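Scroll down for the structure; my scribbles are underneath it.
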Amino acid sequence: MKKDILICGVGGQGTVLASKIIAAAAMEAGNNVHSAETIGMAQRGGSVTSHVRIGEASSPLIPKGKCDLLLAFEPSEAVRNLPYLKENGLVIVNSVPVKPTTESLQETGYDGTEMIAYLKKQCKTIAVNADELCERFGSSKYFNVILLGVATGSGELGLSKELVLAEIEKRVPAKFVETNKEAFQVGLQAACL
Amino acid sequence: MKNEYVMGNGAIALGALKAGVNLVAGYPGTPSSEIIETISKYPHEGLHLEWSVNEKAAMEVAASAAYAGARTMVTMKQVGLNVASDPLMSLAYVGVKGGMVIVSADDPGPISSQTEQDTRRFAEFARIPVFDPTSPEEAYEMIQEAFAYSEKYHTPVLFRPTTRICHAYANIPMQEAYQPHAYEGFVKDSKKWVIFPRLAFANHAMMEKRNPEIGADFSASGLNTVWNKDSSVSVEKAVFAGGVSYAYAKEFLQEYPQVKLVKIATPYPFPEQFAEKELEGVKEVLVLEELSPYIEENLLKLAGRKHLPVEVYGKLTGHVAAAGENSYETVSAVLADFLQLTIPAPRGLSDAPNLPVRPPVLCAGCPHRASFYAVKQAMKGKKSYFCGDIGCYTLGNAMPLDMCDTCLCMGAGVTMAQGFHWVDEEMEGAAFAFIGDSTFFASGMTGVVNAVYNEANVVICILDNSTTAMTGHQPHPGTGRNMMGDIVEKVSIENVLRGIGVKYVKTVNPLDLEEAVAVVKEATGEKGVKAIIFKSPCIAIVKSDKKAVISEKCIQCGKCIREIGCPAIVKTDGKVTIDQNLCTGCNLCAQVCPVSAIQV
């Protein structure tokens with residue numbers, strides 16, 4: 001299998017865990033995997049990306065125009081990373097914006113809707129609303145697992161739901177396993193809508 | 001043997017463990033910090049691991065252990081090498097018995113550093129070998145070679161990965177158990193281990209004679225390689241590359257295999273014989289590397305000495321950018337131009353909506369925000385100097401806090417505040433230094449001695465969040481924990497300050513705004529050196545369940561947003577709201593609200 005997946009968002013949203021789970025599941029399926037993360041100062045509320053390269057690859061970062069799947073935790077971050085997406089690639093995006101502090105000071109009215117509209121014009125896009133999907137769990141902490149469910153359900157991840165779920169289970173504390181399974185299921189269903 | 005999916009820093013750690021490393025010391029710094037953190041997961045008999053107080057201390061601890069024949073590794077980021085350069089320069093002359101590898105991680109971009117300095121230059125400056133891996137897998141193998149070369153030539157060696165190697169993940173072999181290197185112990189010999197001018201002269205001559213031999217050894221070593229040599233490629237053109245630029249070039253040339261790609265993995269002493277052979281018949285060579293034109297200059301030197309009819313393109317000719325990091329995109333553009341290829345352009349964003357900018361900010365609930373705000377309130381309207389330092393709190397420079405007038409290097413805030421005092425003794429406000437707890441121990445203490453001794457009038461604010469937050473929460477002398485897993489005596493910042501002779505030392509909770517402002521006002525009324533310890537733990541260490549909520553009483557004045565710039569406070573549909581996922585209930589906004597509309 002050869003697949004390039006870019007995961008993007010804002011520091012603190014759980015992108016790193018999502019990339020680790022995808023990488024582990026892909027390895028479990030017998031692939032060679034490389035990935036690269038944003039670490040350090042930029043983590044503090046800045047834009048973050050994880051590049052996951054499944055199959056043989058030389059560059060640690062995905063070349064622009066070669067990404068198969070863009071998994072975006074935030075609408076403007078999806079647009080920022082759109083140059084990485086290949087011609088007929090898929091974008092899975094959370095439509096709920098994270099407003100930067102600078103935005104509140106300047107009040108430019110950024111609310112994410114213009115980003116989703118732009119994405120839909122440019123490429124295949126699955127937009128999901130994190131707030132709505134997380135509501136029943138009472139916490140946005142489950143959103144990364146939900147988004148993994150959407151990615152798996154879309155078929156573009158190229159990994160079976162059993163493989164991905166097994167890696168999720170390995171990484172969450174025992175008492176949260178059931179809720180995470182449920183969250184993953186919510187994602188799988190959202191992909192079909 | 002099984003594999004572990006680890007980042008390049010983990011690969012370096014596992015390679016060093018395989019080499020039987022006996023002692024590892026370092027100071028945290030992005031992108032190097034995870035090397036020591038990985039090693040700490042494999043504790044075993046015969047291995048000492050420590051976060052040293054700073055890079056100079058780490059270098060010296062490792063040096064004497066290497067004199068005794070132990071295999072030692074020191075880790076730091078590139079600017080840390082500046083701190084450790086005093087022992088390093090002399091150590092290069094003295095040499096070692098056990099293998100000693102100094103890992104200095106470079107940060108092209110820079111992504112989280114003050115400089116774009118090139119450790120390869122430092123190696124040449126210090127006259128010691130340097131290894132430059134192009135991937136995590138190679139870093140794992142190469143660090144083992146580095147120990148062997150260090151022992152073979154009795155010299156410390158440098159090992160310099162860059163951010164994209166340090167933070168790239170790959171599958172690396174991991175052993176069930178690690179066998180420490182057996183060593184003889186220190187054999188006293190003052191003619192060998194005590195550096196005097198006579199010894200320095202003799203060893204300088206020895207190093208200059210030895211280094212070309214190491215270069216020849218590197219040429220024959222197999223560490224420097226050629227890819228795509230035998231396909232139907234242009235024999236008149238060649239590409240030379242080092243570090244991650246090699247990986248980018250290879251990715252491109254796999255798609256357009258038109259030219260051979262030569263890897264320089266041991267930049268100093270330059271593998272001349274190897275390079276000369278690969279330049280045979282080549283009329284044009286493109287050099288791809290980051291930071292400085294190091295390989296390029298060496299090829300020019302070689303071409304000049306051997307009268308080779310070759311054009312060398314790179315940073316010096318403007319083909320490759322002089323500053324910043326390379327990327328697949330920049331490398332492929334230069335390669336396409338060199339090979340006269342037309343490549344498709346990636347999707348543009350010219351018609352996209354304006355993207356919000358996301359400069360890094362202090363986390364919601366960060367106690368540093370409260371400390372800065374207290375000083376700002378206390379000094380309102382009085383001309384003051386705010387000297388920042390290296391750590392999360394450098395982010396105090398961002399609007400709306402705007403509380404960082406200077407930032408230079410580790411520990412500089414304490415001493416720079418003194419300089420401002422001496423050129424503006426009649427200032428209405430005060431000269432402040434802001435320094436974190438880890439930075440205070442690393443290089444702030446001597447600056448305080450300087451202030452006391454020279455009778456400077458300064459306020460030193462120690463932002464004590466009980467961790468080294470920016471680099472990933474490493475312990476330090478004030479935390480009471482070390483990397484051997486021991487609970488140790490905490491070094492008290494307050495006692496250190498009093499011991500130095502600072503008369504005014506007060507500890508205050510920055511999240512109690514009124515009290516904090518009062519202490520700052522009181523301190524600035526005193527003469528001499530004053531120290532205020534703003535003590536409150538990092539929000540990533542002590543998790544809080546508390547949340548602030550806005551009541552009906554809110555008059556939408558927006559003062560909370562304008563004054564403190566907390567990322568949890570945003571305007572939604574024109575109304576001020578608090579993001580409950582980010583809020584830690586620190587209570588600062590509630591103390592700022594003019595109508596008491598915020599409750600925790």
Side-chain angles (χ1 to χ4, degrees), chain A residues 10-12 19-20 23-24 27 32-47 51-52 56-66 76-77 79-80 82-87 97-105 107-108 110-111 114-115 117-118 121-123 139-141, chain B residues 5 7 30-31 34 111-112 135-136 163-165 167-171 244 246-252 254 327-329 332 344-349 351-363 392 394-395 398-400 470-472 558 561-562 565-567 569-572 581-582:
Chain A
V10 176
S19 85
K20 286 201 169 143
M27 277 186 283
N32 192 6
V33 180
H34 289 87
S35 53
E37 316 273 8
T38 319
I39 286 165
M41 189 189 256
Q43 277 178 296
R44 310 282 188 266
S47 306
H51 294 238
V52 181
E56 291 311 314
S58 295
S59 163
L61 303 179
I62 302 167
K64 284 185 179 161
K66 297 279 170 73
S76 67
E77 296 310 314
V79 175
R80 201 187 304 280
L82 200 57
Y84 286 96
L85 195 70
K86 70 179 184 188
E87 193 93 2
V98 176
K99 298 179 182 183
T101 308
T102 47
E103 163 61 33
S104 289
L105 290 169
E107 297 192 52
T108 59
Y110 165 62
D111 70 358
E114 69 280 40
M115 302 293 162
Y118 178 75
K121 266 198 306 193
Q122 301 292 316
C123 53
S139 166
S140 64
K141 271 187 292 196
Chain B
Y5 192 62
M7 60 168 81
T30 312
E34 298 82 4
I111 299 170
S112 37
S135 69
T163 306
R164 299 298 176 192
I165 307 299
H167 291 167
Y169 282 75
N171 252 322
V244 75
Y246 173 84
Y248 297 142
K250 190 171 170 190
E251 177 98 19
F252 179 88
Q254 276 164 332
S327 63
Y328 173 81
E329 287 70 33
S332 61
R347 208 187 285 261
L349 285 179
D351 59 342
N354 282 337
L355 294 168
V357 286
R358 297 190 191 276
V361 289
L362 292 170
C363 301
C392 285
T394 315
L395 299 175
M399 295 307 273
M470 179 61 102
T471 47
I561 293 175
R562 282 194 315 275
C566 173
I569 312 178
V570 287
K571 269 201 169 170
T572 312
N581 291 314
L582 291 177

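All values reported here derive from a predicted model rather than from experimental measurement. Computed from heavy atoms alone, side chains included, the values below leave out hydrogens, waters and symmetry copies. Throughout, protein chains are lettered first and strands after them, A, B, ... in sequence-line order, and every chain is numbered starting at 1.
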field: The single option from T163(B), I165(B), V244(B) passing side-chain contact (heavy atoms from CB on, under 4.5 Å) against P60(A)
entry: V244(B)

Criterion side-chain contact (heavy atoms from CB on, under 4.5 Å) against P356(B), the qualifying member of K99(A), M115(A), E77(A):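 Passing option: M115(A).
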
query: Taking the side chain from R347(B) and the backbone from K86(A), do they hold a donor-acceptor pair closer than 3.5 Å?
result: yes

field: Backbone N/O of P63(A) and side chain of E251(B): donor-acceptor pair under 3.5 Å
entry: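 Here the side-chain-to-backbone pair does not exist.
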
task: Answer with side chain, backbone, both or neither: which region of D351(B) has an atom nearer than 4.5 Å to a non-hydrogen atom of chain A?
output: both

What option among [options] has the most heavy-atom pairs under 4.5 Å with chain B?
options	answer
V98(A), D111(A), N32(A)	V98(A)
A36(A), G65(A), P83(A)	P83(A)
A23(A), S140(A), S139(A), S59(A)	S59(A)

task: Report the option among N171(B), L349(B), L582(B) that has the most heavy-atom pairs separated by less than 4.5 Å from atoms of chain A.
output: L349(B)

- prompt: In terms of heavy-atom pairs under 4.5 Å with chain A, which of C566(B), G348(B), P346(B), P353(B) leads?
  reply: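 Ranked by contacts with chain A, first place is P353(B).
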
task: Supply the atom-to-atom distance Y169(B) OH to M27(A) CE, rounded to the nearest 0.5 angstrom.
output: 10.5 Å

Do [X] and [Y] have side chains that get closer than 4.5 Å, going by heavy atoms?
X	Y	answer
S35(A)	Y5(B)	yes
R80(A)	R358(B)	yes
Y248(B)	L61(A)	yes

Proximity breakdown for [X] and chain B, heavy-atom pairs closer than 4.5 Å:
X	value
K20(A)	side chain
V52(A)	neither
K141(A)	neither

